[in-house]
Number of protein chains: 2
Amino acid sequence: MKHENNLFEIDEGTCDIKVIHEESINKVKEELLDDDTYHELEETFKIFGNSTRLKILSLLAVEDLCVCDISEVLKMSQSAVSHQLRTLRSKNLVKYTKEGKQARYSLADKHVIEILKIGIEHVLE
Amino acid sequence: MKHENNLFEIDEGTCDIKVIHEESINKVKEELLDDDTYHELEETFKIFGNSTRLKILSLLAVEDLCVCDISEVLKMSQSAVSHQLRTLRSKNLVKYTKEGKQARYSLADKHVIEILKIGIEHVLE
DNA sequence: TTTATATATGAGTATATGTTCATATGTACA
DNA sequence: TGTACATATGAACATATACTCATATATAAA
């Protein structure tokens, strides 16, 4: 093992590069979470990574609404809104109750508002 | 204006639907932020909506690293990592200093860890 | 039952995104 | 000056996504 100030030569790696910081690598490796967690994190943040969904969530943070209300406020087609609500439902961020012909949507997850708030703080700073 | 328990008929709308909850709509409209804010929010959350970037950010939360270290820990190509670091730089989430041939990356934004933490709390609950 | 309304959904399309591959740029060292 | 290394980047490609359009489903009212 040939050392040069914190550097370490390895024979094989993902890329052709041969010199790395061994101690740092061992340290950060231990702190990495498992792949499933990162995948779930990815899925969660992806939901918030779309302005239509963000708007729907902030509307529902104020008051429960039916599909038509949302589509009217956002000036978007009923279909587009319904598709996004489906996405939000599939990730358990919103829920709904049928009221006659209508479907009244509301936030399903207590973390939604918190995540929104942190994001808003960040972009408005 | 014809009222039927909180409902209101409108002549024209984005979609063909005619009956909405007028009061709710007016209320939530006022709470909506402006489009620019939602667009920025979207951009921010999109960055976090990718597991490679999430992993890079959590590595850098532990310790500053060069491209090769990251590529070694994540078992990903140097090119893929470099492209993602470029994305992270363009959004001002990481910064770097040149050290000889290497580039030592670190977190640039104080909010990164906070957003990560909230997300992890959410998915691990 | 017929008609209108409210929502859901499948298919199609345009755009965005993440990776690979090849190569360029820049630095250190012989 | 030439060679090896560390990183950056453009192009290409495959996949994911967000919308539109058409239509299905479900409920209420006539």
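The chains referred to below are lettered A, B, ... by the order of the sequence lines, with proteins before strands, and numbering in each begins at 1.
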Quiz prompt | Between OG1 on residue A:Thr87 and NZ on residue A:Lys46, distance to nearest 0.5 Å | solution = 12.5 Å

Practice problem: Ignoring the backbone of B:Arg89, work out which of D:dT20, C:dA8, D:dT9 is nearest its side chain. | Solution: D:dT9

Quiz prompt | Nearest-nucleotide pick for B:Ser79, side chain only, options being D:dA8, D:dA6, D:dT9 | solution = D:dT9

Exercise. Respond yes when some side-chain nitrogen or oxygen of A:Tyr96 is under 4.0 Å from OP1 or OP2 of C:dA6, and no when none is.
Key: no

Self-check item: A:Tyr38 OH to A:Leu33 CG distance, which is reported to the nearest 0.5 Å
Solution: 4.0 Å

Quiz item: Whole Å only: how far is the NE2 atom of A:His21 from the P atom of D:dA6?
Solution: 9 Å

Quiz item: Which of these nucleotides, C:dG18, C:dT7, D:dC5, is closest to any side-chain atom of A:Ala103?
Solution: C:dT7

Quiz item: Between A:Phe45 and B:Phe48, what is the ring plane arrangement, given parallel below 30°, perpendicular above 60°, and tilted in between?
Solution: tilted

Exercise. Under 4.0 Å between any heavy atoms, over every strand shown, what does A:Thr87 touch: base, sugar-phosphate, or nothing? Just pick one.
Key: nothing

Quiz item: Nearest nucleotide by nearest heavy atom, which residue falls closer to the 5' end of DNA chain D, B:Leu85 or A:Ala80?
Solution: B:Leu85

Quiz item: Hey, does the side chain of B:Lys46 come within less than 4.0 Å of C:dT17's phosphate (OP1/OP2), counting only N and O?
Solution: yes

Quiz prompt | Shortest side-chain distance from B:His83, nucleotide among C:dC21, C:dA8, D:dT7 | solution = C:dC21

Practice problem: Respond yes when some side-chain nitrogen or oxygen of B:Tyr105 is under 4.0 Å from OP1 or OP2 of D:dA6, and no when none is. | Solution: no

Self-check item: Closest to the B:Arg53 side chain, choosing from C:dG18, C:dA28, D:dT7
Solution: C:dG18

Quiz item: At under 4.0 Å, does any side-chain N or O of A:Thr52 touch on OP1 or OP2 of D:dC19?
Solution: yes

Quiz item: Does A:Gln102 place a side-chain N or O at less than 4.0 Å from the phosphate oxygens OP1/OP2 of D:dA28?
Solution: no

Quiz item: Among the nucleotides C:dT19, C:dG18, D:dC21, which one has an atom lying closest to any side-chain atom of B:Asn50?
Solution: C:dG18

Quiz item: Are B:Glu63 and A:Ser24 linked by a side-chain donor-acceptor pair shorter than 3.5 Å?
Solution: yes

Quiz item: Between C:dA6 and A:Ser82, is there an OP1 or OP2 to side-chain N/O distance shorter than 4.0 Å?
Solution: no

Exercise. Check the distance between C:dT19's C1' and A:Glu42's CD and give it to me in whole angstrom.
Key: 13 Å

Practice problem: Calculate the interatomic distance between A:Met76 atom CE and C:dT7 atom P; express it in whole Å. | Solution: 15 Å

